[in-house]
Amino acid sequence: MNLIKPCLFQLSFWLRLAALFSLLLLGGCADNWGWYVVSPATETGRQNLAFLIDGLYYTMALSVTAISISICLGLIVALPGLSARRTPKTINRVFVELVRAIPILVLILWVYYGLPQVAGISISVFWAGVLALAISDSAFQAEIFRAGIQSIDRGQYEAAQSISLNYRNTMRYVILPQAIKRILPALGNQLVYMLKMSSLVSVIGMQELTRRANELVVTEYRPLEIYTILVLEYLVVILIVSAGVRWLERRLDTS
Amino acid sequence: MTRSSDKPFIQIQSVSKHFGQFCALDSVSLDIELGQKLVICGPSGSGKSTLIRCINRLEIHEKGKIFIDGKIVDGSPAGQDVLRNNVGMVFQQFNLFPHLTILENLMLGPVRARQLPESEARDLAMQYLERVRIPEQLDKYPAQLSGGQQQRVAIARALCMMPKIMLFDEPTSALDPEMIAEVLDVIEELADSGMTMICVTHEMGFARQVADMMLFMDHGKIVETGPPKTFFTAPKSDRCKLFLSQILRH
């Protein structure tokens, strides 16, 4: 819980949150709101709230798994892009351009409905979602890594070469630790982006935040309140994640 | 020290290098024996840095051949091996690894490239840190040290690979004036201990002290060579005379 701490101490965070809630309360006074569906004061309200918030587990699991895979994949794709030779460079360009051209939603549908037929495998909703998100994000990760690595001074490579480090060790011990420090803000943005994009996996039935909200709307007929809660859920999660990334940046900065 | 051939330790045979249209090295030939201390001077753009960077294959020469210890340096595995085992380099901009502590900077090469156990690498690092007179800074990061200290760490880092020859590429040009002496002292000590070295520098007082051969370059060519005594007092070429009179005027 160390991660949230710094943001919880920041006044601006609470001010922003307070402003939001007061807006909602103002709205809540109007006739067309029916907060009872998600009111913590009633038994059904509590059940509905719990049902909605439970989706957080899958949203987080999806995003975190997908971004871990996409970071590894992105690095693998980025390295040939830094080569001086033509073929590896072309492979990198083709992958990045192709993947960036496919909408995430389309990729999710294709991986879930198409891939099992093409590859003759069965794939769960969760892993289909993870795979689609990871592939689509890896193209962006690759570009981030490439820029980060290219920003490292040439003298660092020369120094590594002069103490006989091979390519792998140069990358692992000299270049990447410095590059990652520089691209951390961009990686943080990608994580936030991923959290938001994970909502698209609801279309193939993943029980994450958005899917749960949709299902509750169907039974309760109160889209306004339920989707408002959904907005708040994403907002809180993403504000916390952003604060965590900023904290990590500051920590890396001092060392 | 074992030698696998009786030829000069480093042989540079008509090496040329262009950067686009610019000719940085124009068919340069040079032999260096073990134990020799060679100081290269010359105006900027004359090819001095390019020459020593070619020896270390940081620049890849287009024509000619470079042999170290009788083996050709051409990017082949054998050529890379001979570089790895023999040549250390110190850069103008230090090029320390900013994310590692001083000790880690020194241990990285021995541990990762030489597969030395960490404890041995640490002893080795401490030994050389003492030699460059900053053993107390081992846990600091490069940015916390002065320029002179950083350059001394860079020298220690190169020495930890136990090279037979050290290349210095303007080691004091990026330093504040009051820090030049501490770095030159360390290099001088190293020279006295018998290390073979090639040093590109504008510090002529230091050159006179340390060099057993001076080398003047201009427009990618070696214009004049000679022992420091005759080089400084009676340069033969006009270009060298002019250069020395300009650099020694103050």
Side-chain angles (χ1 to χ4, degrees), chain A residues 71 74-75 78-80 82-89 144-188 245-255, chain B residues 49 52-53 55-60 75 77 80-101 104-116 121 125 140-144 150 153-163 166-169 174:
Chain A
I71 285 175
L75 184 57
L79 291 178
L82 294 160
S83 168
R85 276 171 299 174
R86 227 190 142 106
T87 329
K89 249 191 180 143
I144 292 170
F145 269 110
R146 194 168 61 93
I149 292 170
Q150 275 172 344
S151 77
I152 302 297
D153 181 54
R154 199 172 139 218
Q156 293 289 309
Y157 290 92
E158 295 182 348
Q161 197 182 329
S162 80
I163 56 165
S164 306
L165 295 185
N166 58 21
Y167 175 77
R168 230 189 91 219
N169 284 336
T170 301
M171 279 296 162
R172 178 159 167 208
Y173 297 106
V174 177
I175 306 300
L176 287 180
Q178 297 183 63
I180 281 171
K181 220 160 151 177
R182 288 191 197 178
I183 64 184
L184 204 71
L187 289 186
V245 172
R246 269 199 306 274
W247 171 82
L248 203 62
E249 270 169 49
R250 269 199 306 276
R251 226 192 75 141
L252 283 174
D253 221 37
T254 52
S255 69
Chain B
S49 289
I52 66 169
R53 288 167 60 84
I55 296 175
N56 207 8
R57 217 174 158 70
L58 292 178
E59 302 292 351
I60 294 163
Q80 292 306 104
D81 268 355
V82 78
L83 270 186
R84 240 172 245 148
N85 296 327
N86 291 298
V87 185
M89 176 126 184
V90 173
F91 302 88
Q92 183 178 352
Q93 300 293 342
F94 330 137
N95 294 346
L96 293 176
F97 307 128
H99 60 299
L100 300 178
T101 64
E104 288 165 341
N105 263 277
L106 266 61
M107 287 169 63
L108 187 60
V111 171
R112 298 295 159 196
R114 290 257 195 281
Q115 270 80 44
L116 222 62
K140 289 195 180 162
Y141 287 90
Q144 295 170 287
Q150 288 190 49
V153 170
I155 293 171
R157 179 178 67 181
L159 290 175
C160 279
M161 299 302 286
M162 291 183 282
M166 287 281 283
L167 309 174
F168 293 90
D169 188 3

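To find a chain, count down the sequence lines: A is the first, B the second, and so on, and within it residues start at 1.
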query = Is it the side chain or the backbone of B:L167 that comes within 4.5 Å of chain A heavy atoms, both, or neither?
reply = neither

ask   = What part of B:E59 is in contact with chain A, defined as an atom under 4.5 angstrom from a non-hydrogen atom: side chain, backbone, both or neither?
value = side chain

request  = Heavy-atom distances under 4.5 Å only: say whether B:F91 touches chain A with side chain, backbone, both or neither.
outcome  = side chain

inquiry  = I need the B:L83 CG to A:S164 OG distance, nearest 0.5 Å.
reply    = 8.0 Å

note = Output for pair (B:R84 CZ, A:N166 CG), nearest 0.5 Å, gives 7.0 Å

note = Applying a strict 4.5 Å limit to non-hydrogen atoms, the region of A:R168 in contact with chain B is neither

inquiry  = I'd like to check B:M161 versus A:S162 (side-chain heavy atoms, cut-off strictly below 4.5 Å). Are they in contact?
reply    = no

query = Closest heavy-atom contact between A:I163 and B:R157?
reply = CG2-CG, 3.9 Å

request  = Please report the closest heavy-atom contact between A:A159 and B:F97, naming both atoms and the distance.
outcome  = CB-CE2, 3.8 Å

key: Interchain contact, B:V90 with chain A, by part (heavy-atom threshold 4.5 Å)   = neither

ask   = Where do A:L165 and B:G109 come nearest, in terms of heavy atoms and distance?
value = CD2-CA, 4.3 Å

remark   = Comparing A:Q161, A:R172, A:Q178, A:E158 against chain B, the one with the most heavy-atom pairs below 4.5 Å turns out to be A:E158

note = Cut-off 4.5 Å, heavy atoms of chain B, and the answer for A:N169 is side chain

message = Under a 3.5 Å distance rule, please check whether B:H99 uses its side chain to pair with a backbone N or O of A:Y173 as donor and acceptor.
response = yes

